[in-house]
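Each remark here refers to the structure printed beneath this line.
All values derive from a computational prediction rather than experimental measurement.
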Amino acid sequence: MKDNVGLLKEKELVLALNDKQICDLNQNLKFMVKEIFGFVDEKQKLKCELIDGYIKPDFSITYNGITKYVSMKSGRSKDVHQENIKKFILFMRELNISKKTQQTILLYQYGDLTMDGSGKERLPYEELRYRLRERISEANEELNSNKEFIKTIVNRVIFKGTFEENTPADFVYFGDVNYGVVVSKKQIYRFIEVKNQKFISNLHIGPIMFRPHARYIGKEIKNENNRHLIDFYWPNYEADLRYIASRFYS
């Protein structure tokens with residue numbers, strides 16, 4: 001899901017932080033470091049490294065022997081996660097989400113009124129939403145009735161990923177070297193606890209919405225695997241992170 005521009009910005013940020021004294025950082029990065037570590041000795045040097053692979057943290061930052069892991073987004077990015085739909089449904093089952101809601105997610109994923117993508121006709125989005133409107137409403141009621149469940153999903157799609165052995169991110173940073181906002185997992189959890197997202201009509205779990213990576217409506221299926229991928233996104237991601245940073249303190 002990471003593009004070349006995003007990777008370049010990560011490399012620039014790591015280069016600007018690594019082996020630098022805090023006092024030599026620009027104001028934006030100095031503020032980020034203090035938000036992550038609290039009170040710091042500005043004469044201390046930092047160590048910062050890119051993290052390879054498809055796990056949530058994009059880089060680590062170490063101050064005075066303490067290492068924190070950060071997931072970075074930039075530009076207009078609002079996509080936060082992607083996985084195979086079957087794996088996600090099995091996770092829903094582990095969390096005791098009803099069979100009907102699991103089926104609704106699958107019907108929405110494939111858009112052909114089947115739960116495995118075997119249908120002959122994939123419906124236009126508006127028609128699909130109309131046909132599934134009652135099921136979507138019922139699913140949203142269940143998916144948003146428990147704050148701890150919402151936190152579990154947010155942890156999976158933003159901080160942890162799908163594998164238990166993954167190193168989780170501690171913070172999300174949205175921006176670049178010169179301008180950005182940093183938010184901790186604790187701050188996002190506080191936001192979830194007080195924010196009511198039930199007004200959202202799209203299928204969602206708290207602030208997180210999801211959709212198929214590709215339905216191929218009215219066109220040839222070019223990549224069968226893409227039909228079985230589910231994308232998770234947070235609309236207005238940067239604006240919401242700025243709101244969280246200003247209202248919910250670490």
Side-chain angles (χ1 to χ4, degrees), residues 1-3 6 53-56 73 76-146 148-166 197-237:
M1 294 177 69
K2 190 182 297 183
D3 59 25
Y54 294 96
I55 62 175
K56 290 302 177 183
K73 297 291 181 184
R76 297 181 179 179
S77 178
K78 59 183 178 180
D79 293 324
V80 295
H81 182 69
Q82 183 184 88
E83 66 178 275
N84 182 275
I85 183 65
K86 182 177 180 180
K87 189 167 190 177
F88 181 64
I89 291 297
L90 289 174
F91 187 60
M92 293 292 95
R93 196 170 299 170
E94 290 175 11
L95 296 175
N96 297 316
I97 294 301
S98 69
K99 186 175 182 179
K100 185 173 182 181
T101 290
Q102 294 174 41
Q103 291 172 342
T104 297
I105 294 171
L106 288 167
L107 290 169
Y108 183 78
Q109 173 78 12
Y110 292 109
D112 59 5
L113 302 182
T114 76
M115 288 177 282
D116 60 5
S118 61
K120 299 297 184 183
E121 180 187 6
R122 294 177 294 281
L123 300 176
Y125 174 69
E126 290 303 330
E127 182 178 350
L128 179 66
R129 276 199 63 184
Y130 180 76
R131 290 207 193 185
L132 297 179
R133 64 192 184 283
E134 292 182 3
R135 294 190 66 125
I136 289 173
S137 178
E138 186 177 330
N140 278 337
E141 187 66 33
E142 179 178 11
L143 295 172
N144 293 278
S145 63
N146 186 309
E148 293 307 311
F149 167 76
I150 295 172
K151 290 179 190 176
T152 298
I153 298 302
V154 167
N155 184 56
R156 182 182 181 89
V157 304
I158 293 181
F159 294 102
K160 180 73 172 177
T162 58
F163 296 101
E164 187 57 37
E165 64 271 20
N166 284 357
Q197 306 279 353
K198 291 186 177 181
F199 66 91
I200 299 173
S201 60
N202 290 343
L203 265 176
H204 71 286
I205 302 172
I208 306 297
M209 298 189 197
F210 44 95
R211 60 193 171 200
H213 187 67
R215 280 202 191 100
Y216 295 109
I217 296 170
K219 62 180 74 172
E220 177 188 355
I221 296 172
K222 293 185 178 180
N223 186 329
E224 180 64 27
N225 182 61
N226 284 345
R227 300 181 66 213
H228 306 295
L229 295 176
I230 180 170
D231 291 347
F232 296 82
Y233 63 105
W234 185 329
N236 303 312
Y237 194 28

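The side-chain contact (heavy atoms from CB on, under 4.5 Å) search around Pro124 returns Glu127, not counting sequence neighbours. Here Glu138 pairs with Lys100 under the salt bridge (Lys or Arg N to Asp or Glu O under 4.0 Å) rule; sequence neighbours left out. For Ser77, there are no side chain to side chain donor-acceptor pair (under 3.5 Å) partners at least two apart in sequence or on another chain. Partners of Ile221 by side-chain contact (heavy atoms from CB on, under 4.5 Å), not counting sequence neighbours, listed by chain and number: Arg122, Tyr216, Glu224, Arg227. For Asp116, the side chain to side chain donor-acceptor pair (under 3.5 Å) test picks out Thr114, Ser118, with sequence neighbours left out. Ser137 is linked by a side-chain contact (heavy atoms from CB on, under 4.5 Å) to nothing, counting only residues two or more places apart in sequence or in another chain. For the side-chain contact (heavy atoms from CB on, under 4.5 Å) test, residues two or more places apart in sequence or in another chain that qualify with Asn84 are Lys86, Lys87, His228.
Legend: salt bridge (Lys or Arg N to Asp or Glu O under 4.0 Å) pairs involving residues 204-222, not counting sequence neighbours, sorted by first then second residue: Asp79-Arg211. Within the structure, the salt bridge (Lys or Arg N to Asp or Glu O under 4.0 Å) test picks out the following pairs touching residues 149-166 (sequence neighbours left out): Glu83-Arg156, Glu148-Lys151, Lys151-Glu193.
Residues Ile97 and Phe91 are not in side-chain contact: their nearest non-hydrogen atoms beyond the backbone lie 4.5 Å or more apart. Phe210 places none of its side-chain heavy atoms less than 4.5 Å from the side chain of Val157.
With Asn140 contributing its side chain and Ser201 its backbone, the two residues share a donor-acceptor pair below 3.5 Å. Here the side chain of Asn144 pairs a donor or acceptor atom with the backbone of His204 at under 3.5 angstrom. No donor-acceptor pair closer than 3.5 Å links the side chain of Arg93 to the backbone N or O of Leu90.
Between Thr104 and Ala139, the closest heavy-atom pair is CG2-CB, 4.2 Å.
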Check: Passes side chain to side chain contact (heavy atoms under 4.5 Å, CB included), Met115 versus Gln102? Steps please.
Finding: CA-CA 9 Å; Met115 288 177 282; Gln102 294 174 41; over 6 Å; no

Note to self: Applying side chain to side chain contact (heavy atoms under 4.5 Å, CB included) to Tyr237 and Ile158, what does each step give before you reach the verdict?
What the structure shows: CA-CA 12 Å; Tyr237 194 28; Ile158 293 181; 4.0 Å; yes

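Under the 30°/60° scheme for interplanar angles, the aromatic rings of Phe232 and His81 are found to be tilted.
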